[in-house]
Amino acid sequence: MRYAQGGGLRTHEQAARERIRMLAAEGFEQGERNSVIAKGLRVSVRSVERWRRAWRENGTAGLRCSGPAKSPKVSLEKFAELEEELLRGSVFHGWPNERWTLSRVQALIAEKLGVSLSVRGVWELLRRHGWSCQQPGRRAVERDEAAVAGWVKETWPSAKPPRRRSGPGSSSRTKPLSR
């Protein structure tokens with residue numbers, strides 16, 4: 001993927017990058033060198049060279065964001081339909097409990113919308129529209145906060161593995177206890 005963890009930029013991130021390119025365009029108009037612009041904007045000289053070439057060919061319009069790389073598979077109207085189905089619950093759609101899993105949502109999208117998405121694509125779609133992981137709406141009535149706090153304070157430290165020593169280790173087989 002081009003950008004770490006997600007494959008692209010969101011709208012506000014695209015706008016921020018476009019602002020940087022517009023600042024570079026001001027430098028181009030003033031006749032500044034690429035290296036000076038790059039240093040001032042904290043970008044690579046190669047990027048500034050690419051932007052200058054686009055600016056020469058098309059002006060500031062050549063530096064504007066062209067939008068998302070591709071249009072989404074599920075439009076806003078289709079997602080509204082999907083959201084209605086999700087709110088009906090998974091039991092309504094034939095599953096044994098009220099837990100929506102990504103694979104269940106994937107099957108629902110294929111059945112109701114006729115769109116094939118990967119499990120990760122389903123997660124990205126839901127996250128993009130403000131949905132999050134299922135979490136209980138409230139804590140269990142039986143939960144004893146004092147007992148939990150005591151366990152965390154007394155039992156958990158002994159259950160945790162000990163921290164590694166900060167000194168250098170050895171890969172020697174004759175000194176296995178050096179770490």
Side-chain angles (χ1 to χ4, degrees), residues 1-95 97-139 152 163:
M1 280 191 217
R2 186 165 183 180
Y3 298 101
Q5 314 235 340
L9 296 175
R10 293 183 182 82
T11 308
H12 69 279
E13 295 167 326
Q14 288 176 345
R17 296 262 174 113
E18 186 174 316
R19 277 193 300 276
I20 290 172
R21 290 192 298 269
M22 292 303 136
L23 290 172
E26 291 174 10
F28 300 152
E29 291 169 358
Q30 295 172 3
E32 291 182 15
R33 293 189 344 241
N34 290 346
S35 59
V36 173
I37 295 171
K39 188 173 184 178
L41 297 176
R42 299 174 122 187
V43 296
S44 69
V45 176
R46 181 71 183 116
S47 293
V48 177
E49 290 170 357
R50 212 173 40 249
W51 298 342
R52 187 181 291 271
R53 192 174 321 114
W55 177 74
R56 262 193 238 115
E57 293 171 5
N58 301 317
T60 54
L63 298 176
R64 298 225 181 272
C65 179
S66 59
K70 63 179 184 176
S71 59
K73 285 186 173 183
V74 179
S75 66
L76 291 174
E77 296 80 25
K78 284 187 174 183
F79 187 79
E81 293 173 29
L82 173 66
E83 203 164 24
E84 288 176 20
E85 297 297 326
L86 289 172
L87 292 174
R88 286 184 178 172
S90 60
V91 172
F92 177 83
H93 291 286
W95 283 290
N97 57 26
E98 281 296 334
R99 180 176 293 131
W100 278 115
T101 63
L102 291 175
S103 57
R104 289 179 182 181
V105 176
Q106 180 185 30
L108 182 69
I109 290 171
E111 178 187 332
K112 298 292 180 184
L113 304 180
V115 176
S116 175
L117 291 176
S118 67
V119 173
R120 181 181 174 119
V122 171
W123 168 242
E124 293 294 329
L125 173 70
L126 293 174
R127 189 173 59 85
R128 189 169 43 245
H129 289 280
W131 287 68
S132 64
C133 298
Q134 272 193 354
Q135 296 184 3
R138 58 183 174 79
R139 295 221 184 250
V152 168
R163 293 180 54 179

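Values below: all heavy atoms of this structure, side chains included; hydrogens, waters and symmetry mates excluded.
The nearest pair of heavy atoms linking Ala54 to Gly62 is CB-O, 3.8 Å. The nearest pair of heavy atoms linking Phe79 to Val74 is N-CG1, 3.7 Å. Looking at every heavy atom in both residues, Val119 comes nearest to Gln106 through CG2-OE1, 3.5 Å. Taking each heavy atom of Trp131 and Leu86 in turn, the nearest pair found is CH2-CB, 3.8 Å. In this structure, Ser132 and Trp123 approach most closely via the heavy-atom pair C-CZ3, 4.4 Å.
Sequence neighbours left out, not one pair with a member in residues 31-54 passes ring pair (Phe, Tyr, Trp, His ring centres under 6.0 Å). Every pair tested for salt bridge (charged side-chain N to carboxylate O under 4.0 Å, His left out) that includes a residue from residues 28-45 fails, sequence neighbours excluded, so the list is empty.
Atom CZ of residue Arg50 and atom CG of residue Leu63 lie 11.0 Å apart, to the nearest 0.5 angstrom. Taking CG from Leu108 and CH2 from Trp100, the interatomic distance works out to 4.5 Å, rounded to the nearest 0.5 Å. Here the NZ-CD distance, from Lys112 to Glu84, works out to 11.5 Å after rounding to the nearest 0.5 Å. Atom CZ in Arg53 sits 10.5 Å away from atom CZ in Phe28 (nearest 0.5 Å). For the atom pair SG (Cys65) and CD (Glu13), the distance works out to 11.0 Å, reported to the nearest 0.5 Å.
Under the 4.5 Å side-chain criterion, counting only non-hydrogen atoms from C-beta, Leu41 is not in contact with Arg21. Residues Ile37 and Arg52 meet the side-chain proximity criterion, which asks for heavy atoms closer than 4.5 Å. Contact check for Met22 versus Glu18: side-chain heavy atoms found under the 4.5 Å cut-off. In this structure the side chain of Ile109 reaches within 4.5 angstrom of the side chain of Leu125, judged on heavy atoms. His93 places none of its side-chain heavy atoms less than 4.5 Å from the side chain of Arg104. Between Leu126 and Leu102, the closest side-chain pair of non-hydrogen atoms falls below 4.5 Å.
A salt bridge links Glu124 to Arg127: at least one charged side-chain nitrogen sits closer than 4.0 Å to a carboxylate oxygen. Ion pair Lys78/Glu81 not flagged as a salt bridge, since none of the NZ, NE, NH1 or NH2 atoms sits closer than 4.0 Å to an Asp/Glu carboxylate oxygen.
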Can you check side chain to side chain contact (heavy atoms under 4.5 Å, CB included) on Val45 and Glu49, steps first, answer last? CA-CA 6 Å; Val45 176; Glu49 290 170 357; 3.6 Å; yes

